[in-house]
Colleague: 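If you scroll down you'll find the structure; I have some questions about it.
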Amino acid sequence: MEIKVNTFDGLTNTELYQVLRLRSEVFVVEQDCVYQDMDNKDQKALHVLGIKEGQVVAYTRIFKPGDYFKNASIGRVVVAKDQRQYGYGKMIMEASLSTIEESFPDTAIEISAQSYLIKFYTELGFERFGDDYLEDGIPHVRMLKK
C-alpha cells in the first residue's frame, strides 16, 4: 500500500470520490449509521490516503491543534472491509502519526475513538480519558497520545 498525504485542494477528483465512497461504505452502510459524513471540515484537514492498485483502501484525516480539538487530531480512520486482514489500519495510523510529528511537532494528539477499538489505539500509544459517550449512536471514548 502506497501512502499519500495531501490538502483538500491537492486531492484529485478521483481521490476525493474514492475517499467519500469508502467513508460512506464503512461508516454509513456497514455500520448502519445514518449521519452527515461531509461536515465542511475536510477543507481544513490533511488527508492521508492508503492506495493499493489505484484504489483508496485506507484513509484518515488530520487536523492541526485548534481546528477540531485543542490538540492535533486524527479522524475518519477507515479501511475497506476486504482489505482489513493486511494490517492497513496500523499502517495508515502510523503514517498519520508521522505526518502530525512532521507538520505539528511537539503537540499531543487527541482522537474520538469508537469504543470497540480502544485496544487498537492503546497499542499505538493512546490513553483513554473521560467517559464513554454516543456519537451518531455509536459508543465512543476520547483518547490522547502525548
Colleague: Less than 4.5 Å apart, any side-chain heavy atom of S115 and any of D132?
Modeller: yes
Colleague: Can you hop from Y88 to L22 via hydrophobic side chains spaced under 4.5 Å?
Modeller: no
Colleague: Would V5 and H47 satisfy side chain to side chain contact (heavy atoms under 4.5 Å, CB included), going step by step from the backbone distance to the final call?
Modeller: CA-CA 5 Å; V5 179; H47 301 269; over 6 Å; no
Colleague: Measure the CD-CD1 distance between E2 and I51 for me, rounded to the nearest 0.5 Å.
Modeller: 5.5 Å
Colleague: Before accepting this row, confirm whether a basic side-chain N of the pair D42/R23 lies closer than 4.0 Å to the acidic partner's carboxylate O.
Modeller: yes
Colleague: Answer yes or no on whether K146 is positioned over the face of F126, meaning its NZ or CZ is under 6.0 Å from the six-membered ring centre and within 45° of the axis.
Modeller: no
Colleague: Do I92 and V48 come close enough that some side-chain heavy atom pair is under 4.5 Å?
Modeller: yes
Colleague: Should we say atom CD of E127 is surrounded by more than 12 heavy atoms from elsewhere, each under 6.0 Å from it?
Modeller: no
Colleague: Is there a continuous path of hydrophobic side-chain contacts, each under 4.5 Å between heavy atoms, that joins I109 to F129?
Modeller: no
Colleague: Under 4.0 Å between a Lys/Arg side-chain N and an Asp/Glu carboxylate O for K41 and D37?
Modeller: no
Colleague: Under 3.5 Å, is there a donor-acceptor pair between the side chain of K145 and the main chain of L124?
Modeller: yes
Colleague: If you take all heavy atoms of I100 and A72, which pair is closest and at what distance?
Modeller: CG2-CB, 4.0 Å
Colleague: Please determine, by modelled atom types, if S112 and E135 share a side-chain donor-acceptor pair under 3.5 angstrom.
Modeller: yes
Colleague: Between the side chains of R142 and E110, is the shortest nitrogen-to-carboxylate-oxygen separation below 4.0 Å, so that they form an ion pair?
Modeller: yes
Colleague: Any donor-acceptor pair under 3.5 Å linking the side chain of Q55 with the backbone of V57?
Modeller: no
Colleague: Which value, rounded to the nearest 0.5 Å, describes the distance between I74 atom CD1 and M143 atom CE?
Modeller: 12.0 Å
Colleague: For residues K52 and Y86, report the shortest heavy-atom separation together with the two atoms involved.
Modeller: NZ-CE1, 3.6 Å
Colleague: I'd like to know if K81 and E25 make a salt bridge, using a cut-off of under 4.0 Å between side-chain N and carboxylate O.
Modeller: no
Colleague: Are Y35 and V26 connected into the same hydrophobic cluster when the rule is that any two of I, L, V, M, F, W, Y join if their side-chain heavy atoms are below 4.5 Å apart?
Modeller: yes
Colleague: Hey, is the main chain of T12 close enough, under 3.5 Å, to the side chain of E15 for a donor-acceptor pair?
Modeller: yes
Colleague: Looking at CG of D67 and CZ of F104, how far apart are the two atoms once the value is rounded to the nearest 0.5 Å?
Modeller: 7.5 Å
Colleague: So for atom CG, which belongs to D131, do other residues, nucleotides or ligands contribute more than 12 heavy atoms lying within a distance under 6.0 Å?
Modeller: no
Colleague: The test is side chain to side chain contact (heavy atoms under 4.5 Å, CB included); show your working for S103 and L46 and say whether it passes.
Modeller: CA-CA 10 Å; S103 302; L46 284 176; 3.9 Å; yes
Colleague: Please name the pair of heavy atoms, one in V77 and one in F27, separated by the smallest distance, quoted to 0.1 Å.
Modeller: O-CZ, 3.4 Å
Colleague: Working to the nearest 0.5 Å, report the span between CZ of F8 and CG of L16.
Modeller: 5.0 Å
Colleague: Are more than 12 heavy atoms from other residues, nucleotides or ligands located less than 6.0 Å from atom OH of Y17?
Modeller: no
Colleague: Out of curiosity, does V34 fall in the hydrophobic cluster containing I138 (side-chain heavy atoms, cut-off under 4.5 Å, transitive links)?
Modeller: no
Colleague: Apply the test side chain to side chain contact (heavy atoms under 4.5 Å, CB included) to residues M93 and F120: give CA-CA distance (whole Å), side-chain angles for both, the deciding distance (0.1 Å), then the verdict.
Modeller: CA-CA 10 Å; M93 278 299 296; F120 171 75; 3.9 Å; yes
Colleague: Hey, is the main chain of I118 close enough, under 3.5 Å, to the side chain of T122 for a donor-acceptor pair?
Modeller: yes
Colleague: Would you indicate whether E53, at its atom CD, is surrounded by more than 12 heavy atoms from other residues, nucleotides or ligands within a distance under 6.0 Å?
Modeller: no
Colleague: Does Q18 reach the main-chain N or O of V56 with its side chain, forming a donor-acceptor pair under 3.5 Å?
Modeller: yes
Colleague: What are the two closest heavy atoms between S96 and I62, and how far apart are they?
Modeller: O-CD1, 3.6 Å
Colleague: Report the distance from atom CG of D136 to atom CD of Q114, rounding to the nearest 0.5 Å.
Modeller: 9.5 Å
Colleague: Between D39 and R61 (salt bridge meaning N to carboxylate O under 4.0 Å), is one present in this structure?
Modeller: yes
Colleague: Could you tell me whether the side chains of Y59 and R76 share a donor-acceptor contact shorter than 3.5 Å?
Modeller: no
Colleague: Near R21 CZ, under 6.0 Å, is it more than 12 heavy atoms from other residues, nucleotides or ligands?
Modeller: no
Colleague: What do the steps show when you test V19 against L49 for side chain to side chain contact (heavy atoms under 4.5 Å, CB included), and what is the final call?
Modeller: CA-CA 8 Å; V19 163; L49 287 67; 4.1 Å; yes
Colleague: Taking all non-hydrogen atoms of both residues, which atom of A95 and which atom of I3 are closest, and how far apart?
Modeller: CB-CG2, 3.8 Å
Colleague: Which heavy-atom pair separates A58 from V79 by the least distance, and what is that distance?
Modeller: CB-CG2, 4.0 Å
Colleague: If I take atom CD from residue E102 and atom CG from residue L97, how far apart are they, to the nearest 0.5 angstrom?
Modeller: 11.0 Å
Colleague: Taking the side chain as every heavy atom from C-beta outward, state whether L134 and P139 have any atom pair closer than 4.5 Å.
Modeller: yes
